[in-house]
Amino acid sequence: MLKIALVDDNELDAKRLENAINMHLEEIDVKGTVDIFTRAVNFLEDKREVYDVIFLDIDMPFMSGMECAHKLREAGNKVPIIFETNYSSLAIDGYSVNALGFIVKPVKQIDVNDVLDKLLEKIKDEADDEKIIVKVKSGYQSIPLNEIKYIEVNIHDLYYHCKNGTYQSRGVLKEIEKQLPNDKFVNCSNCYLVNLDFVDSILKNDVKIGDDLLKISKNKKKSFIQAYLRHYN
């Protein structure tokens, strides 16, 4: 699920860009949501969502898109930024905030396609690079997060069930949970931490991951299903 913020004070421009984004996401079969903000100040004050990318109009009243971008970077926010501008010459300033790209208004579908493809490639590369280091009997094992299907705890033993096998380690599940993205790794019980990318289905009281059935505890069932639905909607 790609979460996109679009900050533009021009309603017509914002709608045109939103339509172009949705059209390309549908073409490449990627699910996404677009939230539109008409003021940069309102966007900065909104804390409800964490976005995968921000489309920022450079020329806005009260606070420009460039000012907004600098405030995000000063706060330590590394979210990819794509600028919209009426003048391509303004885009050069985007290097100071490490912008992913820019689109000249009026937006063209081909330009939107290009920046979205670039964004998705960046997300894929970063996901491939994310790893966790665990202590195993033979020493230390580096495990890519996108290969972990679920983590199981049995007393003080942790079992990392991965695409290419299972790794055993010692530890506390709650401590491992803190190291992983909580929008992707979710408890279905006190015994299992599940990577939602690998969930095939949720049955009455079980989570199905490949040939494995993991029990869902009563007190975790509602929150787990909500997290699962958010992940895919």
Side-chain angles (χ1 to χ4, degrees), residues 1-130 181-184 227 229-233:
M1 169 63 72
L2 198 62
K3 295 182 179 179
I4 301 168
L6 199 169
V7 188
D8 193 327
D9 65 309
N10 186 304
E11 185 178 345
L12 182 61
D13 287 345
K15 197 64 184 175
R16 185 181 289 121
L17 178 54
E18 180 187 24
N19 290 339
I21 290 170
N22 286 331
M23 182 176 294
H24 189 53
L25 292 182
E26 185 175 348
E27 284 176 351
I28 60 177
D29 196 25
V30 172
K31 293 183 179 180
T33 59
V34 180
D35 293 337
I36 297 176
F37 299 84
T38 57
R39 293 286 186 271
V41 173
N42 294 343
F43 168 72
L44 290 175
E45 291 176 346
D46 190 283
K47 306 295 184 184
R48 291 173 297 177
E49 288 286 357
V50 176
Y51 293 99
D52 297 300
V53 63
I54 304 167
F55 284 83
L56 269 175
D57 182 20
I58 289 182
D59 186 18
M60 288 187 290
F62 306 110
M63 180 187 291
S64 72
M66 193 61 67
E67 289 177 285
C68 178
H70 278 290
K71 287 186 179 295
L72 287 169
R73 295 298 186 246
E74 287 165 7
N77 193 324
K78 297 180 180 180
V79 61
I81 292 171
I82 297 169
F83 285 115
E84 302 171 72
T85 176
N86 291 304
Y87 308 100
S88 58
S89 59
L90 295 176
I92 194 168
D93 294 335
Y95 291 111
S96 64
V97 290
N98 194 28
L100 182 67
F102 72 94
I103 300 172
V104 177
K105 293 184 177 184
V107 299
K108 300 179 180 64
Q109 185 68 53
I110 189 170
D111 293 335
V112 175
N113 295 356
D114 286 345
V115 293
L116 284 175
D117 289 343
K118 186 176 180 181
L119 169 70
L120 292 169
E121 188 64 31
K122 174 181 172 63
I123 291 173
K124 180 182 180 299
D125 289 344
E126 290 177 348
D128 289 342
D129 288 341
E130 284 189 278
N182 61 12
D183 60 337
K184 185 173 180 176
L229 294 175
R230 280 197 305 270
H231 190 68
Y232 286 101
N233 290 315

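Predicted model, so just to flag it, every value in this text is computed and none were measured.
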Can you tell me how far the [atom1] atom of [X] sits from the [atom2] atom of [Y], to the nearest 0.5 Å?
X      : Y      : atom1 : atom2 : result
Lys71  : Met66  : NZ    : CE    : 14.0 Å
Ile123 : Glu121 : CD1   : CD    : 10.5 Å
Arg39  : Met60  : CZ    : CE    : 8.5 Å

Report the residue from Val7, Ile36, Thr38 that forms a side-chain contact (heavy atoms from CB on, under 4.5 Å) with Phe43.
Val7

Consider side-chain contact (heavy atoms from CB on, under 4.5 Å). Of Leu56, Val53, Asn98, which one does Ile81 pass it with?
Leu56

Side chains of [X] and [Y] in contact at under 4.5 Å (non-hydrogen atoms):
X      : Y      : value
Leu72  : Lys78  : no
Ile82  : Ile103 : yes
Lys122 : Leu100 : yes
Ile4   : Leu25  : yes
Thr85  : Asp59  : no
Glu84  : Phe102 : no
Glu67  : Ile58  : no
Asp13  : Asp57  : no

Mind checking whether Phe37 and Tyr51 have parallel, tilted or perpendicular rings, split at 30° and 60°?
perpendicular

Side chain to side chain contact (heavy atoms under 4.5 Å, CB included) between Leu2 and Thr33, worked out
CA-CA 6 Å; Leu2 198 62; Thr33 59; over 6 Å; no

Over all atoms of both residues, closest heavy-atom pair of [X] and [Y]:
X     : Y      : result
Val79 : Ile54  : CG1-CD1, 3.4 Å
Ala40 : Ser64  : CB-O, 4.4 Å
Lys3  : Val50  : CD-O, 3.7 Å
Arg16 : Pro106 : NH1-CB, 4.3 Å

More than 12 heavy atoms from other groups under 6.0 Å of CD on Glu26:
no

Taking atom CD1 as the centre, does Ile28 end up with more than 12 heavy-atom neighbours from other residues, nucleotides or ligands that are less than 6.0 angstrom away?
yes

Under 4.0 Å between a side-chain nitrogen and a carboxylate oxygen: does that hold for Glu18 and Lys15?
yes

Could you tell me whether Asp8 and Lys105 make a salt bridge, using a distance below 4.0 angstrom between a side-chain N and a carboxylate O?
yes

Walk me through it: do His24 and Val30 pass the test side chain to side chain contact (heavy atoms under 4.5 Å, CB included)?
CA-CA 9 Å; His24 189 53; Val30 172; over 6 Å; no

Indicate whether the side chain of Gln109 and that of Asn113 have a donor and an acceptor atom separated by less than 3.5 Å.
yes

